[in-house]
Visitor: 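After the structure tokens below, expect a handful of questions from me.
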Amino acid sequence: MVGIVEEYLKKNWRKIDLDSKIPEQLHLMKLSGQKGSLALLNFVLFINNEKNPRYFVKLNRSYKGYSRIEDEYNNLSHINKTLPNQISASSPTPLFFGNIDNFTSIIVESFLSGRKINLNNLSELKKLYHKSLDWLKEFFIATNKKSIKFNTTEFKKEIKQIVSIKGFDKDLGKKLEAICNSRITIDNTDLPVCSSQGDFDFDNILFDKEKIYIVDWEDYSEENHPFLDLEFLKIGRASCR
């Protein structure tokens, strides 16, 4: 698969990086291969024998994950165009979307220098948590457009329907169910409608010195419940105890 992807990138390089000549050497390094049909294959891309990667590459591993690649590209394109620079700069820049064949789609994004932190390092975890809360506040304020009357019963019913979808990611399903179980009844309360990243936990928050980067935007929603991302972060923090 790696060889096929590298050849595909060479053929389409002018569409990916207009300022660079087609490199003679491309090197993909696999980062992750999580279980599940919806999980994506993640690579970093090195060019011209450079020591540091310059691009991030994602592919779907099954046909069920085909649309998630396009969703990630469209979502990132949207937020990079619509959010203030200080917000959108915290996420990857989408560079290219294409189809290798009828089964495999591919996206190329800018590489972010951040890393996943050691969750056992309490000092670093505390710093990441506070920075994530600050980012989340800015994100909510920037995307708040209107208010709705919250209905707890409808909310739980909606989550139950989402989780019951065949092939839905089990780990994400557990997180959503935990959110339902922890939800305090606030019927008829006016709540702002904000965008949500959709999977805002420590696996998708990278840390680089004093800056955080948010990755994996397949589940982004332009209009959603304002506390969804906060609950993901809360559940992730609780699991570190």
Side-chain angles (χ1 to χ4, degrees), residues 5 8-9 11-18 31-32 34 36-45 54-112 114 135-136 138-146 158-159 161-162 165-169 171-173 175-176 193-201 203-206 212-226 228-229 232:
V5 174
Y8 178 85
L9 292 173
K11 291 179 181 178
N12 291 276
W13 197 253
R14 290 292 295 170
K15 299 177 184 177
I16 299 170
D17 192 338
L18 296 176
L31 283 184
S32 64
Q34 298 177 351
S37 60
L38 293 179
L40 305 179
L41 291 174
N42 299 322
F43 302 84
V44 287
L45 179 62
R54 192 185 296 184
Y55 305 92
F56 195 80
V57 180
K58 289 187 177 183
L59 290 80
N60 57 299
R61 65 166 61 214
S62 73
Y63 192 75
K64 291 180 180 179
Y66 187 92
S67 62
R68 291 177 67 78
I69 294 288
E70 187 170 11
D71 288 343
E72 164 106 350
Y73 182 82
N74 290 336
N75 291 339
L76 282 175
S77 297
H78 175 73
I79 67 172
N80 273 265
K81 290 178 181 178
T82 59
L83 294 184
N85 290 333
Q86 66 270 26
I87 301 293
S88 59
S90 298
S91 59
T93 301
L95 302 173
F96 176 77
F97 168 79
N99 298 308
I100 294 179
D101 51 40
N102 293 330
F103 176 84
T104 309
S105 53
I106 180 174
I107 56 174
V108 180
E109 304 169 353
S110 59
F111 175 77
L112 302 178
W135 182 90
L136 207 53
E138 293 176 358
F139 183 59
F140 284 169
I141 292 174
T143 60
N144 175 223
K145 297 180 180 178
K146 60 182 180 181
E158 181 181 338
I159 296 299
Q161 290 175 344
I162 293 173
I165 296 174
K166 187 177 181 181
F168 189 81
D169 184 83
D171 289 336
L172 180 57
K175 293 176 183 177
L176 291 173
V193 174
C194 307
S195 297
S196 66
Q197 192 269 352
D199 194 11
F200 194 70
D201 64 17
D203 281 339
N204 296 327
I205 305 172
L206 306 181
I212 64 170
Y213 300 95
I214 317 302
V215 298
D216 289 355
W217 289 81
E218 302 100 284
D219 299 302
Y220 163 83
S221 175
E222 188 172 4
E223 294 187 358
N224 214 324
H225 302 286
L228 182 63
D229 286 336
F232 275 130

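Because only heavy atoms are used, hydrogens play no part in the values below, and waters and symmetry mates are left out as well, while side chains stay in. Because the structure is predicted, anything quoted here is derived from the model rather than measured.
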Visitor: If you count every heavy atom of other residues, nucleotides or ligands that lies below 6.0 Å from Asn102 atom CG, does the total exceed 12?
Guide: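 No, because the 6.0 Å sphere around CG of Asn102 holds 12 heavy atoms or fewer from other groups.
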
Visitor: Got a second to check how far Asn60's CG is from Glu72's CD, nearest 0.5 Å?
Guide: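 If we round to the nearest 0.5 Å, Asn60:CG and Glu72:CD are 12.5 Å apart.
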
Visitor: Hey, what do you get for CD (Glu109) to CG (Leu45), rounding to the nearest 0.5 Å?
Guide: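 Going from CD on Glu109 over to CG on Leu45, the span is 12.5 Å.
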
Visitor: Please list, chain by chain and in numerical order, all residues satisfying side-chain contact (heavy atoms from CB on, under 4.5 Å) with Ser221, sequence neighbours excluded.
Guide: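 In terms of side-chain contact (heavy atoms from CB on, under 4.5 Å), with neighbours along the sequence ignored, Ser221 is linked to Ser196, Asn224.
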
Visitor: Mark yes or no for whether Gln197, through its side chain, and Val215, through its backbone, hold a donor-acceptor pair below 3.5 Å.
Guide: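 Confirmed, Gln197 side chain pairs with Val215 backbone.
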
Visitor: Considering non-hydrogen atoms only, spot the tightest contact between Val44 and Phe111 and give its length.
Guide: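 Scanning both residues completely, I find the closest heavy atoms to be CG1-CE1, 3.6 Å.
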
Visitor: Do Lys145 and Val193 have side-chain heavy atoms sitting under 4.5 Å apart?
Guide: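 Lys145 vs Val193: side chains apart.
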
Visitor: Give, for atom CG of Asn80 and atom OG of Ser110, the distance between the pair rounded to the nearest 0.5 Å.
Guide: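 Atom-to-atom, Asn80:CG and Ser110:OG are 7.5 Å apart.
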
Visitor: For Lys81, give me all partners under salt bridge (charged side-chain N to carboxylate O under 4.0 Å, His left out), at least two apart in sequence or on another chain.
Guide: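 With sequence neighbours excluded, Lys81 shows a salt bridge (charged side-chain N to carboxylate O under 4.0 Å, His left out) to no residue whatsoever.
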
Visitor: For a side-chain contact (heavy atoms from CB on, under 4.5 Å) check, start with the C-alpha distance between Leu76 and Ile107, then their side-chain angles and the critical distance, and finish with the verdict.
Guide: CA-CA 11 Å; Leu76 282 175; Ile107 56 174; 5.7 Å; no

Visitor: Can you give me the closest heavy-atom contact between Thr143 and Cys194, atom names plus distance?
Guide: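 So the two residues come closest at OG1-CB, 3.7 Å.
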
Visitor: Can you name the nearest heavy-atom pair linking Ser105 to Phe97, along with the distance?
Guide: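 Closest heavy-atom pair between Ser105 and Phe97: CB-CE1, 4.0 Å.
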
Visitor: side-chain contact (heavy atoms from CB on, under 4.5 Å) for Arg68 and Asp219? Distances and angles first, verdict last.
Guide: CA-CA 8 Å; Arg68 291 177 67 78; Asp219 299 302; 3.4 Å; yes

Visitor: Compare all side-chain heavy atoms of Ile205 with those of Ile214 and state whether any distance is below 4.5 angstrom.
Guide: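 Side chain of Ile205 against side chain of Ile214, heavy atoms only: contact under 4.5 Å found.
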
Visitor: Just do the side-chain contact (heavy atoms from CB on, under 4.5 Å) check on Lys58 and Asp216 with the steps written out, would you?
Guide: CA-CA 10 Å; Lys58 289 187 177 183; Asp216 289 355; 2.5 Å; yes

Visitor: Looking at every heavy atom in both Leu41 and Phe43, which two are closest together, and how far apart are they?
Guide: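 In this case the closest contact between Leu41 and Phe43 is CB-CE1, 3.8 Å.
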
Visitor: Are Phe56 and Pro92 packed together at the side-chain level, in the sense that at least one heavy-atom pair is separated by less than 4.5 angstrom?
Guide: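 A side-chain contact under 4.5 Å is absent here.
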
Visitor: Flag the pair Tyr66 / Asn99 as yes when at least one side-chain heavy-atom distance between them is below 4.5 Å, and no otherwise.
Guide: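 Answer yes - side chains close enough.
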
Visitor: Measure the OG-CD1 distance between Ser195 and Ile79 for me, rounded to the nearest 0.5 Å.
Guide: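 It comes to 9.0 Å.
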
Visitor: Decide side-chain contact (heavy atoms from CB on, under 4.5 Å) for Asp229 and Phe139; before the verdict, give the C-alpha distance in whole Å, the side-chain angles of both, and the deciding distance to 0.1 Å.
Guide: CA-CA 10 Å; Asp229 286 336; Phe139 183 59; 4.1 Å; yes

Visitor: For Asp17, check salt bridge (charged side-chain N to carboxylate O under 4.0 Å, His left out) against everything at least two apart and list the hits.
Guide: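 Asp17 satisfies salt bridge (charged side-chain N to carboxylate O under 4.0 Å, His left out) with no other residue.
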
Visitor: Tell me whether the rings of Tyr220 and His78 are parallel (<30°), tilted (30 to 60°) or perpendicular (>60°).
Guide: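 Tilted, since the angle between the ring planes falls between 30° and 60°.
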
Visitor: Kindly say whether Thr104 contributes a backbone atom to a donor-acceptor pair with the side chain of Asp101 at under 3.5 angstrom?
Guide: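 At least one qualifying donor-acceptor pair exists.
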
Visitor: How far does OH of Tyr213 sit from CG of Leu206, to the nearest 0.5 angstrom?
Guide: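 With rounding to 0.5 Å, OH (Tyr213) is 9.0 Å from CG (Leu206).
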
Visitor: Determine the minimum heavy-atom distance between Asn75 and Trp217, stating which atoms define it.
Guide: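 Scanning both residues completely, I find the closest heavy atoms to be ND2-O, 2.8 Å.
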
Visitor: To the nearest 0.5 Å, what is the distance between CG (Asp199) and CG (Leu228)?
Guide: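 Interatomic distance, Asp199 CG to Leu228 CG, rounded to 0.5 Å: 9.5 Å.
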
